[in-house]
Each structure stands twice: as C-alpha cells, then as structure tokens.
Amino acid sequence: MAHGYRAVTWTSFKVHFDRWMLAGIALYLIVFIAITSATQPPGESFTPLQLGMRATGTLSFLMLTFILMIGPLARMSKRFKPFLYNRRHLGVATFTIALLHAAMVLLWYHGFSELNVFVSLFASNPRYTSIAGFPFESLGVAAFIILAVMATTSHDFWNANLGPAVWKTLHMGVYLAYGLLVAHVALGALQSERSPIYLPVLSVAAGTVVTLHLLSGFLASGAKRARLDADDWLDAGTVGDIPENRARILSPKDGERIAVFKFDGKIAAVTNVCRHQGGPLGEGKVIDGCITCPWHGFQYRMEDGQSPAPFTEKIATYRTRILDGRVMVHRTPNPPGTPQAPSVIDDTLGTEVQDTYALTAEARALAPAGARR
C-alpha cells in the first residue's frame, strides 16, 4: 500500500520484472522481423516500415491476450501472481506498442494523402455493409481509444477520485477492446494475408482467453452456496472447513460474496470486495493480524474492516457466531468500518457463553480508549 500520491518508485522485483519485459519485447520484435524477412518469396520483400507495422501489431495483440489470461491463471496457480501484481506495467507497455503500430499505419497508408490523416483514415473506405471489404481500421481505432483511456487512468489517483466501482467498470472495457481487436485482425490482415500461421494464432489466442475465463468462473461458482436459516444467518460450514489464516467464501443468493476468515482461534467475516480495485479478499490471507488483498496488498483490520493508519479505506464487516461447531454469518452487512468483535473458537464454551463473549468484546471495542482496561 502507498500513502498519498508520489512519483512511482520501483522495488528490486519490479525493476527485474520490467527489465525482463523490455528484453522480451525487444527479442520478439527482432525475431519477428528476421523471420518475416527471411521467409518472403523470391523477388518480394517488405519495407522497414511494413515490418514494423506487422511486428508491433502482432506483439500488441499477443500482449493484450496474455494480460487477459493473467487473472484466471493467477486464481489457479500462485506462479502467476507476480504477473498479476505487475499487470499495470504490462498494460502500459501494451498501449505503447499499440501506439507505435498506429503511428506507422497512419504514416504508411495515410501520411501522403491530400486529406488530413484522420479524415483519410475514415473516409478512404466507407463500405460498412461489406464483410470482405469492411473498414476494419475503425475497429482498431475504437480499441486504441479504449486502451488509451485505460492507460491514462491507470494511476491510483484516478482510482481514488473516480471511486473503485467506476474505475473498475471503466477498466472492464479491456474486454470490449479485445473483441474489437479480434474483429480488426479477422476483417483486416486475415483477408489478404497468405501466411497460414495468422488464423491459427488468432483462433488459439481468442479461444484460450474465453476458455480460461469460463473455467475461472466455473471454479469461482464452486464457492460455498450459503444456506440460510430462519434468523437470516448464513451457514458457513464447520470451524474445521475454514483454513487457518485464510477464508471460506460464501455466495448468498442475493447480495455480494462474504469472506469468512479463521485466525488466532477466532472467526471474522467481511465483504469479499477490496476497496482498491475490487480484488477478491477471500483469496488473500491474514498477515500481521490484517486481511491482505491478494491483488495489491491492501490490508484491513479484522475487528473493524478499516485499513491500519494512516490509510483510510474501509470495508463492510459481518456479525458471526459459532453454534455447535458451525460458523454462522448474519446476511446483513455492517456499514463499512463498523467495529465487530470476532467470534472465539472454544469447544469448552457453550453457545450462550460465546454470544455473551462476542457482545462484551464488541462493547469494549466501541468504548472510549480511556475506558478500556
């Protein structure tokens, strides 16, 4: 977590990550240009600008494909978490490559037109009713605009001022941008490209993204469906069903998911949604007594859902109780930042004693600092 807005600083890990990323970009461009040049039929060749257009176009598409794969892959394996933490760097790099591609396309196809390059771009082909001759350039422009907006608003300044919900909705536009890019390639390069490799690459890339997200959604739907009793209490299973320092996620029929954590012999429940970028808190763990979001490390105290000072983020807490070894969570959330004493796991205590202990602890938490002894 970072307090306030300041110039971006890189940890040693981020420095190494960026170096490998830049090296990978350079290697791809060099190899692509070399192979494309070497495999041209006798008497045919591409100009350096044409090679640059193809190299940057394919690279930006593949990078965006990988970015969309990171989320579901990170849910399935911890090995992909480093990419999740640095997804913003990958996104900005992808936009930069796409910007180079767009600049070269404008220069090559429209730079020598008597019209303004942007007027020429949209006026040169108005055949929107044709499939084979569809002006695919407009699809690329639309995708580029979406990526530009996302790159511009990637800083946490925009997240804080737009609000997590609006910011998240805005950045979900990446899926629309990807769909536009798939159509841009299918209606553009594939219509005239003689190389047999482009269609399989496009199909496998788009198919992999769709498959991974469907699989991730299926696995997420496996979160325990909360059973409701007559008092509006949700059954989260037995105490043993919840792993130590981690959570079990409840999925009420209506309302957002709830993360039920077990730590230090206690049970506490909070919303599953991180205030930063909507990350899944229930997939994180308890570190130093705080729930730690697996996406960017934002932390919240168990007892009140507030971030430790000097941070000000707050999340909703839920009432919990333990009845005959089963963890119960009230379906109604407390307002964000509301103190809520965790339930104590103690097989020697009866139900009534546990409830009394929880109420007493909650009263202590709400009491003035000078009154706590």
Side-chain angles (χ1 to χ4, degrees), residues 1-11 13-15 17-18 21-22 25 60 63-72 74-75 80-103 140-181 209 213 256 270-281 283-284 290-300 305-316 336-337:
M1 299 174 66
H3 181 49
Y5 307 116
R6 57 176 182 270
V8 176
T9 55
W10 273 262
T11 63
F13 178 83
K14 286 186 178 294
V15 169
F17 181 90
D18 287 353
M21 179 182 68
L22 294 175
I25 290 173
S60 58
M63 289 181 68
L64 187 58
T65 298
F66 180 65
I67 288 172
L68 293 182
M69 292 167 56
I70 292 174
R75 287 176 178 267
F80 293 94
K81 288 291 178 68
F83 294 102
L84 183 65
Y85 303 147
N86 293 277
R87 188 165 52 179
R88 185 180 308 186
H89 291 216
L90 286 168
V92 174
T94 299
F95 169 72
T96 303
I97 300 298
L99 178 61
L100 291 174
H101 173 72
V141 170
F144 178 80
I145 291 174
I146 294 173
L147 294 179
V149 172
M150 292 178 59
T152 303
T153 59
S154 63
H155 194 277
D156 277 348
F157 170 84
W158 293 102
N159 188 356
N161 286 276
L162 293 175
V166 173
W167 188 91
K168 186 70 174 180
T169 301
L170 179 66
H171 281 248
M172 289 294 286
V174 67
Y175 293 100
L176 175 59
Y178 189 72
L180 290 169
L181 282 181
V209 169
H213 279 79
E256 64 185 26
V270 298
T271 174
N272 191 51
V273 181
C274 179
R275 284 289 299 165
H276 179 222
Q277 291 184 11
L281 290 175
E283 295 180 19
C290 291
I291 301 167
T292 305
C293 181
W295 280 12
H296 302 102
F298 272 61
Q299 291 187 309
Y300 306 91
Q306 298 188 38
S307 294
F311 309 105
T312 58
E313 287 79 11
K314 300 177 182 179
I315 57 174

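What you see is a predicted model, and the numbers here were worked out from it, not measured in a lab. The basis for the numbers below is simple: all heavy atoms, side chains too, and nothing from hydrogens, waters or symmetry mates.
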> Once the angle between the rings of His276 and Phe298 is folded into 0 to 90°, is it parallel (under 30°), tilted (30 to 60°) or perpendicular (over 60°)?
Replying inline: parallel
> Just wondering, do Thr169 and Met172 contact through their side chains at under 4.5 Å, heavy atoms?
Replying inline: no
> Which pair of non-hydrogen atoms, one from Ala177 and one from Ile146, has the smallest distance, and what is that distance?
Replying inline: CB-CG2, 3.8 Å
>> How long is the straight-line distance from OG1 of Thr65 back to CE of Met69, given to the nearest 0.5 Å?
In response: 8.0 Å
>> Classify the ring geometry of His171 against Trp167: parallel below 30°, tilted from 30° to 60°, perpendicular beyond 60°.
In response: parallel
> To the nearest 0.5 Å, what is the distance between CZ (Phe83) and CZ (Phe17)?
Replying inline: 6.0 Å
>> Could you check, using the six-membered ring where one of them is a Trp, whether Tyr175 and His213 have ring centers closer than 6.0 angstrom?
In response: yes
>> A side-chain contact here means heavy atoms from C-beta on lying under 4.5 Å apart; do Trp295 and Pro280 qualify?
In response: yes
> Atom CE of Met63 and atom CD1 of Ile25: how far apart are they, to the nearest 0.5 Å?
Replying inline: 4.0 Å
>> If only side-chain N and O atoms count, and only distance matters, is there a donor-acceptor pair under 3.5 Å linking Ser307 with Gln299?
In response: no
> Between Gly278 and Val273, which heavy-atom pair has the shortest distance, and what is it?
Replying inline: CA-CG1, 3.8 Å
> Roughly how far, to the nearest 0.5 Å, is CG of Leu281 from CD of Glu283?
Replying inline: 9.5 Å
> Could you state the interatomic distance from OG (Ser154) to CG (Leu147), rounded to the nearest 0.5 Å?
Replying inline: 12.0 Å
> Side-chain contact, heavy-atom cut-off 4.5 Å: Leu170 with Met150?
Replying inline: no
>> Determine whether Arg87 and Ile67 satisfy the following criterion, side-chain contact (heavy atoms from CB on, under 4.5 Å), listing intermediate values before the conclusion.
In response: CA-CA 7 Å; Arg87 188 165 52 179; Ile67 288 172; 3.9 Å; yes
> So do Arg275 and Lys314 actually touch side chain to side chain, heavy atoms under 4.5 Å?
Replying inline: no
> Closest approach of Thr271 and Ile315, non-hydrogen atoms and distance?
Replying inline: CG2-CB, 3.6 Å
> Which atoms form the tightest heavy-atom contact between Cys274 and Tyr300, and what is the distance?
Replying inline: SG-OH, 3.2 Å
>> If you compare all heavy atoms of Cys293 against all heavy atoms of Gly279, which two are closest, and at what distance to 0.1 Å?
In response: SG-CA, 4.1 Å
> Which distance, rounded to the nearest 0.5 Å, do you find between the CE of Met21 and the CG of Leu90?
Replying inline: 6.0 Å
